[in-house]
Amino acid sequence: QVQLVESGGGLVQAGGSLRLSCAASGSSFSSYTMGWFRQAPGKEREFVAAIRWRSGSTYYADGVKGRFTASRDNAKNTVYLQMNSLKPEDTAVYYCAADRSPYTSVISRAEQRYDYWGQGTQVTVSS
């Protein structure tokens, strides 16, 4: 079991930056591939980024490539999402999630793959 708590959201002007954190508790955080998702008002939740448990390799949605960077610090049981050059369309509730299986070689953009979710943190980008 993995418990997740996001933080770092807030209100920022377009072009600004935020860093989201996701603190994990429970067993073997370092063995889980982690994902970031977001849900804007009136829209379905969508994939943002994922970071593999072993190599730390990352995978991004097209709309955030080059602007967002996912990273993890396994010693601190924390995964991060650095968001730069923010746009109003990035406004959403952001969620971190842990893959349903530890030690998996899969890195997925499908939310059905992720069984453990945080409560979300609001990011609002003003124009």
Side-chain angles (χ1 to χ4, degrees):
Q1 291 286 336
V2 179
Q3 295 81 44
L4 304 171
V5 178
E6 302 96 336
S7 61
L11 174 64
V12 64
Q13 289 188 330
S17 298
L18 282 174
R19 188 176 81 156
L20 305 183
S21 299
C22 173
S25 59
S27 59
S28 305
F29 163 78
S30 62
S31 63
Y32 286 86
T33 288
M34 300 295 294
W36 285 98
F37 292 78
R38 67 186 181 186
Q39 187 168 23
K43 295 187 177 181
E44 294 186 350
R45 190 157 54 187
E46 64 177 2
F47 172 79
V48 175
I51 182 165
R52 198 185 298 273
W53 70 274
R54 182 197 294 269
S55 64
S57 58
T58 50
Y59 177 43
Y60 298 97
D62 287 344
V64 307
K65 280 181 184 177
R67 299 189 299 121
F68 290 12
T69 303
S71 61
R72 65 192 299 160
D73 185 338
N74 289 334
K76 294 183 178 180
N77 279 9
T78 302
V79 63
Y80 303 97
L81 186 68
Q82 177 67 43
M83 306 185 295
N84 298 328
S85 303
L86 283 161
K87 305 175 181 180
E89 52 263 43
D90 295 318
T91 294
V93 177
Y94 282 71
Y95 300 89
C96 67
D99 192 280
R100 65 178 180 231
S101 298
Y103 308 112
T104 181
S105 61
V106 173
I107 184 166
S108 175
R109 63 186 300 143
E111 64 175 282
Q112 294 84 355
R113 179 73 201 182
Y114 298 84
D115 273 2
Y116 308 103
W117 293 81
Q119 83 289 350
T121 186
Q122 176 70 48
V123 171
T124 303
V125 184
S126 64
S127 57

Problem - Smallest separation among heavy atoms of Asp90 and Ser85, with atom names - result: OD2-O, 4.4 Å
Show the atom names and distances, to 0.1 Å, of all donor-acceptor pairs under 3.5 Å that link a side chain in residues 7-21 to residues at least two apart or in another chain.
from  : atom 1 : to    : atom 2 : distance (Å)
Ser17 : OG     : Asn84 : OD1    : 2.9

Handout entry: Polar side-chain atom of Glu6 near backbone of Thr121 as donor-acceptor pair, under 3.5 Å
Key = no
Fill in the blank from the handout: Smallest heavy-atom separation, Cys22 atom then Met34 atom, equals SG-CE, 4.4 Å
Handout entry: Distance under 6.0 Å and angle within 45° of ring axis: Arg109 vs Tyr114
Key = no
Practice task
State the CG-CD1 distance between Asp99 and Ile107, to the nearest 0.5 angstrom.
Solution key: 9.5 Å
Problem - Shortest non-hydrogen separation from Ala24 to Leu4 and the atoms involved - result: CB-CD2, 3.7 Å
Practice task
List the steps, then state whether side-chain contact (heavy atoms from CB on, under 4.5 Å) holds for Val5 with Gln119.
Solution key: CA-CA 7 Å; Val5 178; Gln119 83 289 350; 4.0 Å; yes
Practice task
Treat each ILVMFWY residue as a node, draw an edge where side-chain heavy atoms are under 4.5 Å apart, and state whether Val123 and Val79 are in one component.
Solution key: yes
Problem - Closest approach of Asp73 to Tyr80 (non-hydrogen atoms, all atoms of both residues) - result: CB-CE1, 4.0 Å
What side-chain donor-acceptor pairs closer than 3.5 Å can you find for residues 40-47, not counting sequence neighbours?
from  : atom 1 : to     : atom 2 : distance (Å)
Arg45 : NE     : Glu111 : OE1    : 3.3
Arg45 : NH2    : Glu111 : OE1    : 3.0
Glu46 : OE2    : Arg38  : NE     : 2.6
Glu46 : OE2    : Arg38  : NH2    : 3.2

Exercise for the section: Calculate, to the nearest 0.5 Å, the distance between atoms SG and CD1 belonging to Cys96 and Ile51 respectively. Expected result: 12.5 Å
Problem - Test item: Thr78 side-chain N/O and Lys76 main-chain N/O as donor-acceptor pair under 3.5 Å - result: yes
Exercise for the section: For Val64 and Tyr60, work out which heavy atoms get closest and say how close. Expected result: CG2-CB, 4.1 Å
Practice task
Evaluate ring-ring contact (aromatic ring centres under 6.0 Å, His included) for Phe68 paired with Trp36, printing each intermediate quantity in order.
Solution key: CA-CA 11 Å; Phe68 290 12; Trp36 285 98; 9.7 Å; no
Exercise for the section: Group every Ile, Leu, Val, Met, Phe, Trp and Tyr by side-chain heavy-atom contacts under 4.5 Å, then state whether Phe37 and Phe29 land in the same group. Expected result: no
Completion exercise
Interatomic distance, OH@Tyr94 vs CG@Leu81, rounded to 0.5 Å, equals 7.5 Å
Handout entry: Residue pair Arg113 / Thr104, side-chain donor-acceptor N/O under 3.5 Å
Key = yes
Problem - Basic-acidic side-chain contact under 4.0 Å: Asp62, Lys65 - result: yes
Practice task
Hey, can you tell me if Trp53 and Tyr103 have their rings parallel, tilted or perpendicular (30° and 60° cut-offs)?
Solution key: perpendicular
Problem - Arg52-Thr33 side chain donor-acceptor pair, cut-off 3.5 Å - result: no
Handout entry: Student check: side-chain heavy atoms of Ser127 and Pro88 closer than 4.5 Å
Key = yes
Problem - Interatomic distance, Gln3 atom CD to Asn77 atom CG [nearest 0.5 angstrom] - result: 11.0 Å
Problem - Same apolar cluster: Val2 and Trp117, side chain cutoff 4.5 Å - result: no
